[in-house]
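Being a predicted model, the structure only gives us computed values, none of them experimental. A note on names: the letters A, B, ... follow the listed sequences, proteins ahead of strands, and every chain is numbered from 1.
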Protein chains: 2
Amino acid sequence: MADDDGRTFTIGEVAGAVGMSVHALRFYEREQLLVGPIERTASGRRRYRPVDVDWLRVCTRLRESGMPLTELKRFATLVREGPGNEIERLSLLDAQRERVDQQIRALEQAREIITWKVDVYEQHLRNDEAIGLWDPTLTTGAQP
Amino acid sequence: MADDDGRTFTIGEVAGAVGMSVHALRFYEREQLLVGPIERTASGRRRYRPVDVDWLRVCTRLRESGMPLTELKRFATLVREGPGNEIERLSLLDAQRERVDQQIRALEQAREIITWKVDVYEQHLRNDEAIGLWDPTLTTGAQP
DNA sequence: ACTTGACCTAGAGGACACTCTAGATTCTAG
DNA sequence: CTAGAATCTAGAGTGTCCTCTAGGTCAAGT
């Protein structure tokens, strides 16, 4: 078990490590988005274990992929409840992967339109013409 | 000029065509996110021209790609002001394309993590084992 | 010892992008 | 002609996801 060597981290260290604010970390805890309870020092300060940090890293990835907090919370709850609900965890993740694929497709479409417009402008600037071709609202092929 | 044939559309038709609500369309107009003024009938109802619809389609793409409304407004303003600011329009679009690329990369990373977790769960369900491998907080390679 | 900075809670506040309401008018189909 | 659907305005409200504030406690360096 090289996994849980007694290292712990302050909230500030964790914030730096996972790219969230300390405010957000406390918010996540309040909202029950974490799997285990975060331990405290005698004086009440949070001590994050490596496993907590790992979970937070997963959280940030899922959030980046557009998973809403409600669903992240659902997932956290399932994990907290322990073995027996793997099918639900799986379907939750699978649904999210589907959404990610859709997002990627949408972004690629948007990227094409942007690129097309960039090309139009670049060509315009190269040609330095003012022949009415440059109304960016013209997206249909019909040109005078 | 096969471009501006007198067809016009009601706000409801446009909403259906571009996938926005009528509320959103009025909101966009109020917020100066449109390029031209939308014409009105004698009784004050909006009449959208094809060019307006085209612009709205561009808007939805840019929004889908994560462009904030403030920037969309800036772009609309530049277009409204007419020729002469193409360089700024270009840099705005180019910056957005850069952000889209970053988003795609982030989504692909998230997708990998999700897929990996899905695989883990699927394998688990196939094997029907409970040997402590299934703590989803374990993201580091170390396994017993 | 003292100062500076990190941390604590509970709750308010803010940014964003709409979404909805109310009350009135107007268009359209039967 | 009339009922119902669509539209109008100005402004308030909503959901999401944090972010910040106030008023403290605690820890570490000098």
Side-chain angles (χ1 to χ4, degrees), chain A residues 8-34 37-49 52-53 55-76 96 99 103 106 110, chain B residues 7-34 37-49 52-53 55-77 96 99 103 106 110:
Chain A
T8 61
F9 308 94
T10 67
I11 194 170
E13 287 166 345
V14 174
V18 305
M20 298 172 66
S21 69
V22 294
H23 295 298
L25 286 174
R26 291 194 276 250
F27 169 76
Y28 270 47
E29 188 175 343
R30 252 190 293 176
E31 295 293 309
Q32 317 237 71
L33 297 165
L34 306 186
I38 302 299
E39 288 161 20
R40 302 294 183 109
T41 65
S43 65
R45 301 192 164 193
R46 292 173 179 80
R47 302 300 319 188
Y48 291 80
R49 292 162 302 145
D52 301 320
V53 178
W55 172 255
L56 280 165
R57 273 197 245 267
V58 173
C59 285
T60 57
R61 291 304 190 184
L62 291 175
R63 286 286 302 117
E64 275 172 23
S65 80
M67 182 180 279
L69 291 191
T70 53
E71 201 149 338
L72 188 52
K73 180 173 183 173
R74 177 90 194 110
F75 189 44
Q96 183 62 21
R99 260 170 281 154
Q103 276 185 81
Chain B
R7 277 170 303 164
T8 61
F9 308 95
T10 67
I11 194 170
E13 287 166 344
V14 174
V18 305
M20 299 172 67
S21 69
V22 294
H23 295 300
L25 287 173
R26 290 194 275 250
F27 168 76
Y28 269 47
E29 188 175 340
R30 250 191 294 176
E31 295 294 308
Q32 318 237 73
L33 296 166
L34 306 186
I38 303 298
E39 287 161 23
R40 302 296 183 107
T41 65
S43 67
R45 300 193 162 193
R46 292 172 179 81
R47 301 299 321 188
Y48 292 80
R49 292 162 301 145
D52 300 321
V53 178
W55 172 255
L56 280 165
R57 273 197 245 269
V58 173
C59 284
T60 57
R61 291 305 191 181
L62 291 174
R63 286 287 303 118
E64 274 172 25
S65 80
M67 181 181 278
L69 291 192
T70 52
E71 201 149 339
L72 188 50
K73 180 172 181 171
R74 177 91 194 108
F75 190 44
T77 301
Q96 183 61 19
R99 261 172 280 155
Q103 276 184 82

Colleague: Any N/O pairs under 3.5 Å between the protein and nucleotides 1-6 of chain D? List them or say none.
Modeller:
residue	atom	partner	partner atom	Å
dA6(D)	N3	R45(B)	NH2	3.0

Colleague: Do L34(A) and D52(A) come within less than 4.5 Å of each other through their side chains, counting heavy atoms only?
Modeller: no

Colleague: Pull out every residue in residues 59-69 of chain A that has a heavy atom closer than 4.0 Å to any atom of DNA chain C, ordered by number, or say none.
Modeller: none

Colleague: Report the C-alpha distance between T70(B) and R74(B) in whole Å, list the side-chain angles of each, state the deciding distance to 0.1 Å, and finish with yes or no for side chain to side chain contact (heavy atoms under 4.5 Å, CB included).
Modeller: CA-CA 6 Å; T70(B) 52; R74(B) 177 91 194 108; over 6 Å; no

Colleague: I'd like to know if the side chain of E64(A) and the backbone of A110(B) have a donor-acceptor N/O pair within less than 3.5 Å.
Modeller: no

Colleague: For residues 13-24 of chain A, which residue pairs qualify under side chain to side chain donor-acceptor pair (under 3.5 Å), counting only residues two or more places apart or in two chains?
Modeller: none

Colleague: I'd like to know if the side chain of R99(B) and the backbone of S65(B) have a donor-acceptor N/O pair within less than 3.5 Å.
Modeller: no

Colleague: In whole Å, what is the span from the CD1 atom of I38(A) to the P atom of dC7(C)?
Modeller: 14 Å

Colleague: Mind grabbing the angle between the end helix axes of the helix from dA1(C)-dT30(D) to dG30(C)-dC1(D)? Five pairs an end, 10° rounding.
Modeller: 20°

Colleague: Is the shortest heavy-atom distance from the side chain of E29(B) to the side chain of L25(B) under 4.5 Å?
Modeller: no

Colleague: Where do N or O atoms of nucleotides 9-13 of chain D meet protein N or O atoms at under 3.5 Å, pair by pair?
Modeller:
residue	atom	partner	partner atom	Å
dT9(D)	OP1	R40(B)	NH1	3.1
dT9(D)	OP1	R40(B)	NH2	3.0
dT9(D)	OP2	R46(B)	NH1	3.1
dT9(D)	OP2	R46(B)	NH2	2.8
dG11(D)	N7	R30(B)	NH1	3.0
dG11(D)	O6	R30(B)	NH2	3.3

Colleague: For L69(A), which of Q32(A), R63(A), E31(A) qualifies under side-chain contact (heavy atoms from CB on, under 4.5 Å)?
Modeller: R63(A)

Colleague: Only counting residues at least two apart or in another chain, list the ones meeting salt bridge (Lys or Arg N to Asp or Glu O under 4.0 Å) with R26(A).
Modeller: none

Colleague: Y28(B) vs L72(B), test: side chain to side chain contact (heavy atoms under 4.5 Å, CB included). Steps then yes/no.
Modeller: CA-CA 10 Å; Y28(B) 269 47; L72(B) 188 50; 4.2 Å; yes

Colleague: Tell me if the centroids of the rings in W55(B) and F75(B) come within less than 6.0 Å of each other.
Modeller: yes

Colleague: Return the value, rounded to whole Å, for the distance between atom OH of Y48(A) and atom P of dA6(C).
Modeller: 16 Å

Colleague: With a cut-off of less than 4.0 Å, is there a side-chain N or O of S43(A) near OP1 or OP2 of dA27(D)?
Modeller: yes

Colleague: For the pair made of CZ in R47(B) and P in dT26(C), what is the distance, rounded to whole Å?
Modeller: 16 Å

Colleague: Tell me: CD of E13(A) to P of dA28(D), nearest whole Å?
Modeller: 11 Å

Colleague: From the options R49(A), R47(A), R45(A), R46(A), select the one residue that forms a salt bridge (charged side-chain N to carboxylate O under 4.0 Å, His left out) with E39(A).
Modeller: R49(A)

Colleague: Expressed in angstrom and rounded to an integer, what is the separation of L72(A) atom CG from dC18(D) atom P?
Modeller: 10 Å

Colleague: In whole Å, what is the span from the CD atom of E31(A) to the P atom of dT9(C)?
Modeller: 14 Å

Colleague: Quickly, which of V18(A), T10(A), T8(A), L56(A) forms a side-chain contact (heavy atoms from CB on, under 4.5 Å) with Y48(A)? Name it, please.
Modeller: L56(A)

Colleague: Show the nearest heavy-atom pair for residues L33(B) and C59(B), with the distance to one decimal.
Modeller: O-SG, 4.2 Å

Colleague: Using a cut-off of less than 4.0 Å, is there contact between a side-chain N or O of S21(A) and OP1 or OP2 of dT19(D)?
Modeller: yes

Colleague: According to a strict under-4.0 Å criterion, is Y28(A) in side-chain N/O contact with OP1 or OP2 of dC18(D)?
Modeller: yes

Colleague: Between atom CG in L25(A) and atom C1' in dC8(C), what is the gap in whole Å?
Modeller: 14 Å

Colleague: Can you tell me how far P of dT16(D) sits from CZ of F27(A), to the nearest Å?
Modeller: 11 Å

